[in-house]
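Presented below is the structure to which this report refers.
Atoms within a ligand are numbered from 1 in the order they appear, just like the ligands themselves. Please read these numbers as outputs of a predicted model, since none were measured by experiment.
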Amino acid sequence: MTVSKKRQPPVSKGQKLELEIERLNHEGEGVGRFQGFTVFVPQTVPGDKVIARVISVQKSYARALPETVITASPLRVEPHCEHFAVCGGCQLQHLDYSEQLRRKTEMVRDALQRIGGLDVPVLPTIGMSDPWHYRNKAQVPVGQEAGKVSAGFYAKRSHKIVDLTACPIQHPANDQVVHVVRSLLAELAIPIYNEVEHQGIIRHIMARTSFATGEVLVVLVTNGPHLPKAEQIAAELQAQIPNLVGVVQSINTRRGNTVLGDKEKTLWGQPYLTEKLGSLQFRLSPRSFFQVNPQQTEVLYRIAKAYAALQGSETVFDLYCGIGTIALLVSDAAAKVVGVEIVPDAVEDARQNAILNGITNVEFHLGAAEIVVPKLYLQGYKADVLLVDPPRKGCDEALLKTMAAMQPERIVYISCNPATLARDLKYLTAHGFTVNDVQPVDMFPQTAHVETVVLMSRL
Ligand code: SAH
């Protein structure tokens with residue numbers, strides 16, 4: 001047996017390195033090499049020459065922070081946001097937008113090759129003509145330091161809350177909610193949650209704004225059922241937030257990073273807002289998922305529907321269906337649509353949404369797709385087309401196995417994580433399917449995230 005001799009990293013913590021940035025990793029950090037050893041440097045772009053200080057060293061890579069830009073890459077642009085250097089939300093504001101799109105296409109191609117072993121063409125990422133102010137949802141932690149209430153975001157890789165002045169990727173109404181609630185909390189002296197001591201009341205502010213209807217829903221997350229001066233807060237919000245449709249209290253008494261709790265109280269108005277996509281309306285509850293970029297969502301769904309190529313006679317599955325958006329959008333072109341979703345409120349929304357839009361050829365099942373779909377299959381359900389849109393961790397293998405066994409004509413896979421997409425496509429291509437089209441869509445401009453829709457067909 002030969003033992004491969006691992007060489008020691010040629011860098012150490014604190015060392016300053018001169019690096020040329022060659023490419024971006026999947027987190028949007030610049031990648032350079034020092035004596036062949038990989039070094040990740042956030043906030044740099046390909047073509048930069050920088051001096052960076054090493055902050056951590058692992059076996060196969062190191063991380064370093066840029067100290068001086070010796071030569072700036074021509075791909076660099078001035079970030080719009082004053083918080084860019086400290087906020088963890090965006091990673092690519094300093095990279096020219098058309099270049100962001102090219103890099104995202106590359107990220108998808110790279111993941112499919114490296115993880116999926118798939119050498120397939122990837123279409124150019126579809127971007128936005130105005131890649132700012134696109135988000136419909138803000139979810140910000142609230143904290144207090146030296147008596148001052150702050151609401152904003154966690155500084156990169158930490159839990160220090162930085163006060164937000166404005167977020168240039170948000171709908172302005174969401175920024176306004178944050179400002180108004182923060183002032184109210186200070187004025188009314190509402191106790192602010194401290195996550196170390198697990199004491200205090202207000203933990204998070206969530207704001208959702210519909211681009212289509214203008215409706216705004218505010219959710220206040222509290223560490224316990226009692227919110228002092230709740231009526232006064234709700235009344236002030238009504239006075240100060242145009243188009244407010246509801247104020248909801250979400251009760252989360254658990255420690256940890258999950259934002260919303262399991263219990264909700266409506267403090268004023270209704271506990272949901274109404275969204276629109278095309279000619280359909282959707283009721284959206286606080287705990288239900290909805291894509292954060294409504295403009296690009298229309299693009300994404302249009303492609304998914306085209307890929308499904310429905311003739312009207314098919315049975316279609318919409319797995320990980322959320323509030324039923326895709327199921328309802330394709331229902332006019334199919335005989336029957338079966339949706340599966342794990343969040344009870346989302347399934348309830350989906351059922352209400354079918355009624356709201358007068359759609360009768362859809363049914364929604366509550367539960368984990370990897371448990372529900374094998375059961376339905378055993379009961380004799382058939383699928384001509386499967387649409388899947390899982391969260392970042394991708395599909396469970398039990399689900400992939402059933403998907404392959406169901407032998408649909410086509411699978412349309414929507415993914416927000418190229419790595420798990422590649423892993424799942426590898427499974428499906430080994431079990432009777434081929435990849436026809438791979439289309440990334442930029443749902444998250446200025447960040448390193450990318451959404452991809454893939455058409456597969458049965459061999
Ligand atoms: N297709 C929807 C939602 C996609 S997001 C849309 O476009 O709006 C992924 C969804 O999968 C979320 O609603 C989440 O609650 C749900 N989910 C997560 N794990 C699941 C599982 N194991 N089985 C079914 N649904 C799941």
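When non-hydrogen atoms are compared, ligand 1 lies under 4.0 Å from neither the backbone nor the side chain of Ala346.
Atom 21 (C) of ligand 1 has as its closest protein heavy atom Tyr320 CE2, 3.6 Å. Protein heavy atom nearest atom 6 (C) of ligand 1, with residue, atom name and distance: Tyr301 OH, 3.2 Å. With respect to atom 22 (N) of ligand 1, the closest heavy atom belonging to the protein is Glu370 OE1, 3.1 Å. The nearest heavy-atom contact from the protein to atom 17 (N) of ligand 1 is Ile342 CG2, 3.5 Å. The nearest heavy-atom contact from the protein to atom 4 (C) of ligand 1 is Asp389 OD2, 3.3 Å. For atom 24 (C) of ligand 1, the closest heavy atom belonging to the protein is Ala369 N, 3.4 Å. Looking only at protein heavy atoms, the nearest one to atom 13 (O) of ligand 1 is Glu341 OE1, 2.7 Å. Shortest contact from atom 18 (C) of ligand 1 to any protein heavy atom: Pro391 CG, 3.6 Å.
No N or O atom of Asp318 sits closer than 3.5 Å to an N or O atom of ligand 1.
The local environment of CD in Glu22 is crowded, with over 12 non-hydrogen atoms from other residues, nucleotides or ligands closer than 6.0 Å.
For the residue pair Thr209 and Asn174, a side-chain donor N or O sits within less than 3.5 Å of a side-chain acceptor on the partner. A donor atom on one side chain and an acceptor atom on the other are found under 3.5 Å apart for Gln446 and Gln100. Inspection of the His449 and Glu451 side chains reveals no N or O donor paired with an N or O acceptor under 3.5 Å. A donor and an acceptor atom, one from each side chain of Thr165 and His83, are located under 3.5 Å apart.
For ligand 1, the atoms lying closer than 4.0 Å to a non-hydrogen atom of Gly367 are 23 (N), 24 (C). Near Val343, meaning under 4.0 Å from one of its heavy atoms, ligand 1 places the atoms 15 (O). Listed by number with element, the atoms of ligand 1 under 4.0 angstrom from any heavy atom of Thr325 are 6 (C), 7 (O), 8 (O).
At least one side-chain heavy atom of Ile323 sits less than 4.5 Å from a side-chain heavy atom of Phe290.
Across every non-hydrogen atom of Asp384 and Glu314, the tightest pair is OD2-CA, 3.2 Å.
Taking the centre and axis of the six-membered ring of Phe40, the NZ or CZ atom of Arg63 falls outside the cone set by 45° and 6.0 Å.
Side chain of Gln93 to main chain of Cys81: a donor-acceptor pair is present (N/O by atom type, distance under 3.5 Å, no hydrogens or angles).
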